[in-house]
Amino acid sequence: MRRRAFFAGSIAALAAPSIARAAQSVLRMVPQANLTSIDPIWTTANVTRNHGFMVYDTLYGLDMSLQPQPQMAAGHQIEDDGRTVTIALRDGLIFHDGEKVRAADVVASLRRWMKRNPYGQMLAPVVDELSALDDARLRFRLKKPFPLLFNALACISSAAFVMPERIAATDPFKQINDATGSGPFRFKKHEFNSGSLVVYERNPTYQPRPDGAVSLTAGPKRAFFDRVEWQIITDAGTAAAALQQGEIDWWEQPTPELRALFAKDKNITVDLLDPYGLCGAMRLNASQAPFNDKGLRQALLPAIDQADFMAAIVGDDPHDWKQVGGVFTPGTPMANDTDATKLTGPRDFALAQKLIKQAGYTNQPMRLIGPTDVLAPAAMTQVAADLFRRLGFNQDFALSDWGTVVQRRASREAVEKGGWSALCTSFSSFDFADPAVHPLLRGNGAGGWFGWPTIPELESLRANWFDAPDDAARKAICADIQRVALDEVVYVPLGTYSGFTALRSNLKDRVNGFALFWNLRRT
Amino acid sequence: MLSYIARRIVATIPVVLMVALFVFSLLYIAPGDPAAIIAGDQATPADVERIRASLGLDRPFLVRFFDWFWHVLHGDLGTSIFTNLPVTHMIAQRIEPTVSLMTLTLILSLSLAIPMGVIAAWKHGTWIDRAVMMTAVLGFSTPVFVIGYVLAYIFALRLDWLPVQGFTSISEGLLPFLRNLILPAVALGLVYMALIARITRATMLDVLSQDYVRTAKAKGVGQRGVLFLHALKNAAVPIVTIVGIGFAALIGGAVVTESVFAIPGLGRLTVDAILRRDYPVIQGVVLLFSFVYVLVNLGVDLLYTLFDPRIRY
């Protein structure tokens with residue numbers, strides 16, 4: 001009898017974790033990439049940003065019209081003509097370790113964030129003093145008004161996540177190991193198996209914002225799943241089969257060719273992940289021959305047909321991509337149509353050939369670099385290679401894995417010494433939403449994004465944009481930025497394409513934008 | 001014998017050292033920069049430099065190598081550049097699925113391939129022989145990932161008998177463990193099975209034509225006894241050799257199989273680490289694999305003495 005009891009007890013003990021798990025509501029999702037780092041300040045990887053929004057909260061959230069809305073902030077007070085901004089924290093904010101969120105934690109987090117985020121880097125020199133007035137209030141004393149302060153605090157990429165002061169004190173160039181936040185989910189460190197499984201559980205102490213509408217990272221963040229598992233499945237075929245079989249509930253970014261397959265399955269819903277779309281771009285290396293010649297960069301434009309580049313990524317359905325006539329994400333507040341015809345007017349291959357000759361191109365070598373293992377850049381690179389070949393460039397077409405591309409693109413050497421001339425890549429819509437975050441709209445030479453154009457006028461306009469008093473003034477400056485950017489061809493916009501997501505049909509109320517887990521529930 | 005084993009184990013040290021040096025050098029000269037991957041697209045060159053410095057990647061080759069090697073001597077394989085976790089911890093997290101997969105594959109392969117090879121030799125020239133050899137050729141020439149996809153399509157998607165992907169630890173029950181692992185083990189094992197079946201057949205054909213087999217038959221030993229007691233034991237040395245050599249193919253195949261079936265094993269850890277240039281993880285896993293491979297070959301050498309008493313060390 002005792003032996004039987006022992007065995008029964010053993011079986012019950014062995015089964016206990018799975019029984020407990022079965023009683024929970026669990027969401028299983030395949031993220032866009034493996035989560036390798038849990039520090040959203042240290043790395044700008046989108047998957048780490050998504051992790052950040054699981055476990056951390058921000059003072060301000062951004063709604064789908066890209067307007068900042070209070071999130072952890074109860075409200076703010078602006079004084080002294082915008083030079084003093086006092087922000088009060090909401091009641092009931094508690095970190096996952098049970099400690100209360102204090103203004104000192106927010107201050108330390110913002111100090112770390114300001115050293116890495118493009119908005120923060122513009123804000124930092126303007127800040128005279130950033131301090132906690134008491135546990136519930138912090139104050140910015142600014143050398144001059146910073147009208148975009150709340151946009152900065154609400155930004156999506158490399159967001160201003162609030163961490164406990166003891167963690168936020170870490171050098172921003174060193175990775176943190178502790179994912180204690182105050183967000184709607186808690187990171188289960190002991191179940192973390194990078195490359196396989198990331199587990200979060202609902203934060204029972206989280207107080208969703210009582211007001212506002214759920215929109216992007218703004219509004220009440222109500223978690224309806226006790227447990228969220230990110231299952232890393234690298235093979236697209238396997239992930240597709242797992243979704244069809246119901247082994248997973250959500251696949252964040254399936255490959256476009258699977259869309260038709262999923263559309264036939266009544267148990268799967270295909271939806272747009274980000275209604276604004278992903279932005280394709282061709283960057284030319286302005287610091288080395290041959291594309292250090294502005295005339296040669298301009299000569300390419302009439303030959304660029306965005307349809308070719310977009311079709312290579314998403315296929316022939318014209319609903320899956322949009323032509324872009326500017327350098328800002330279409331549909332976002334700063335998008336405008338200044339000189340749009342340079343991109344959207346009739347394409348003229350013969351004109352491009354003529355302009356290339358006029359620019360004095362005499363068969364100098366150029367190198368196109370690109371990956372084979374990241375879908376969109378790989379597809380666009382193939383189209384670009386064909387284009388350069390047809391235009392008569394003396395092209396070295398260098399393909400490699402993404403890890404090699406990110407190193408190779410950092411080379412500022414001439415082509416003969418291993419440098420590069422052109423590359424194609426894609427960015428999230430939020431990265432191209434305004435001049436603060438747009439990595440390709442810089443003219444600061446060696447300090448800027450790979451390709452390093454030196455265009456003082458662009459830098460000056462960008463600085464003015466930060467100081468502009470209102471949206472109308474900012475939009476006017478963005479029109480100028482676009483004029484300069486297209487004239488200098490700081491990059492070639494290649495269109496925006498739909499990134500879609502696939503979920504089991506019994507899931508509803510997903511928040512649009514990227515992989516956000518609050519509000520989502522099972523019917 | 002014991003002194004031989006001790007000598008062989010000591011002899012593995014320079015082999016593993018050479019592998020370590022080779023892998024470290026290869027990674028040093030290979031293109032790719034983890035700092036650039038970490039920093040992401042918004043980072044300035046100065047940011048990338050600072051991250052590189054904080055990771056110690058700006059130090060000279062020899063300094064980095066000896067620093068790493070010194071830690072390895074102390075049982076510390078370093079810390080992952082990306083996850084900031086100890087490499088030993090990451091290997092420990094991944095070792096069970098890989099060991100489980102390889103063990104099940106070995107059991108399946110040996111228990112099917114050896115009888116297949118023996119029967120093919122026994123029924124030499126008949127349709128059974130041809131069927132076994134055709135299966136072996138098919139298994140040998142079909143890529144592991146194709147077999148994996150086909151199996152998953154039939155048994156998971158169409159018949160709904162088995163899950164598409166994942167791994168369940170044996171501690172959660174034998175049935176769920178086998179349900180998850182049977183398809184990957186078959187996919188991975190087919191190549192191995194083909195290799196062993198072919199070598200078993202060839203060796204058995206040779207052995208079955210020997211005088212002592214005829215003598216055994218003349219003495220009235222039954223067919224099963226002739227095949228499995230007399231002939232197979234004498235054919236075992238080449239079979240054991242090929243099992244050892246094939247172990248390397250098994251490790252390589254595990255990398256693909258783990259990706260196709262989303263098994264969180266060492267193979268996937270290696271691929272992920274290579275793609276993101278996580279040097280300490282690559283070095284740690286390769287060091288482990290080379291050590292295991294050397295040990296397997298030592299085991300093979302020792303098994304020779306079991307099957308052939310004439311072999312003495």
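Every chain is numbered from 1, with letters handed out A, B, ... down the list of sequences.
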Do you know which two heavy atoms are closest between Ile274(B) and Ile282(B), and how far apart they sit?
CA-CD1, 3.7 Å

Ile232(A), part contacting chain B, at a heavy-atom distance under 4.5 Å
both

Less than 4.0 Å between a side-chain N and a carboxylate O, is that true for Asp265(A) and Arg504(A)?
no

Check each atom of Gln244(A) against the heavy atoms of chain B and say whether the ones under 4.5 Å are side chain, backbone, both or neither.
side chain

Quick test of your reading of the model: are Arg268(B) and Glu258(B) salt-bridged, counting only N-O distances below 4.0 Å?
no

Is the shortest distance from a Lys or Arg side-chain nitrogen in Asp171(A) or Arg112(A) to a carboxylate oxygen in the other one below 4.0 Å?
no

Report the option among Gln245(A), Lys174(A), Arg408(A), Arg442(A) that has the most heavy-atom pairs separated by less than 4.5 Å from atoms of chain B.
Gln245(A)

Ranked by heavy-atom pairs below 4.5 Å to chain A, first place among Ala152(B), Ala273(B), Ala156(B), Ser80(B) goes to Ala156(B)

Heavy-atom pairs under 4.5 Å with chain B: which of Thr36(A), Val405(A), Thr43(A) has the most?
Thr36(A)

Please determine if Arg283(A) forms a cation-pi arrangement with Phe450(A), meaning its NZ or CZ atom is less than 6.0 Å from the six-membered ring centre and no more than 45° off the ring axis.
no

Contact origin within Asp401(A) toward chain B - heavy atom pairs under 4.5 Å
side chain

Any chance the side chains of Ser37(A) and Asp39(A) put a donor and an acceptor closer than 3.5 Å?
no

Residue from Leu55(B), Asp272(B), Val260(B), Ile81(B) scoring the most non-hydrogen pairs under 4.5 Å with chain A is Val260(B)

Does a side-chain heavy-atom distance below 4.5 Å link Phe261(B) with Asp235(A)?
no

Interface check, chain A: of Leu157(B), Ile51(B), Asp160(B), Val271(B), most non-hydrogen pairs under 4.5 Å belong to Leu157(B)

Does anything in residues 83-105 of chain B get under 4.5 Å of chain A by heavy atoms, and if so which residues?
Thr83(B), Asn84(B), Leu85(B), Gln93(B), Arg94(B)

Find the one option among Ala262(B), Pro163(B), Gly173(B), Ser54(B) whose heavy-atom pairs under 4.5 Å with chain A are most numerous.
Pro163(B)

Pick one of side chain, backbone, both or neither for Asp278(B), based on which atoms fall under 4.5 Å of a heavy atom in chain A.
neither

So, the part of Ala242(A) with a heavy atom under 4.5 Å from chain B: the answer is both

Ranking Phe145(B), Tyr149(B), Phe167(B), Tyr153(B) by heavy-atom pairs under 4.5 Å to chain A gives rank one to Tyr149(B)

Does a side-chain heavy-atom distance below 4.5 Å link Trp402(A) with Thr425(A)?
yes

Within 45 degrees of the axis of the six-membered ring of Trp452(A) and under 6.0 Å from its centre: does Arg412(A) put its NZ or CZ there?
yes

Please list every donor-acceptor pair under 3.5 Å in which a side-chain atom of residues 175-187 of chain B meets a protein atom from a residue at least two apart or in another chain.
residue: Arg179(B); atom: NH1; partner: Trp161(B); partner atom: O; Å: 2.7
residue: Asn180(B); atom: OD1; partner: Thr168(B); partner atom: OG1; Å: 2.5
residue: Asn180(B); atom: ND2; partner: Gln165(B); partner atom: O; Å: 3.1
residue: Asn180(B); atom: ND2; partner: Gly166(B); partner atom: O; Å: 3.3

Regarding Arg116(A) and the six-membered ring of Phe173(A), is the cationic atom NZ or CZ under 6.0 Å from the ring centre and inside 45° of its axis?
yes

If one checks every heavy atom of Ala239(A) against chain B at 4.5 Å, the contacting part turns out to be neither

So for Asp373(A), is it side chain, backbone, both, or neither that comes closer than 4.5 Å to the heavy atoms of chain B?
side chain

Which heavy atom of Leu399(A) sits nearest a heavy atom of Pro371(A), and at what distance?
CD2-O, 4.1 Å

Worked check of side chain to side chain contact (heavy atoms under 4.5 Å, CB included) between Asn444(A) and Arg462(A):
CA-CA 11 Å; Asn444(A) 56 339; Arg462(A) 183 173 183 266; over 6 Å; no

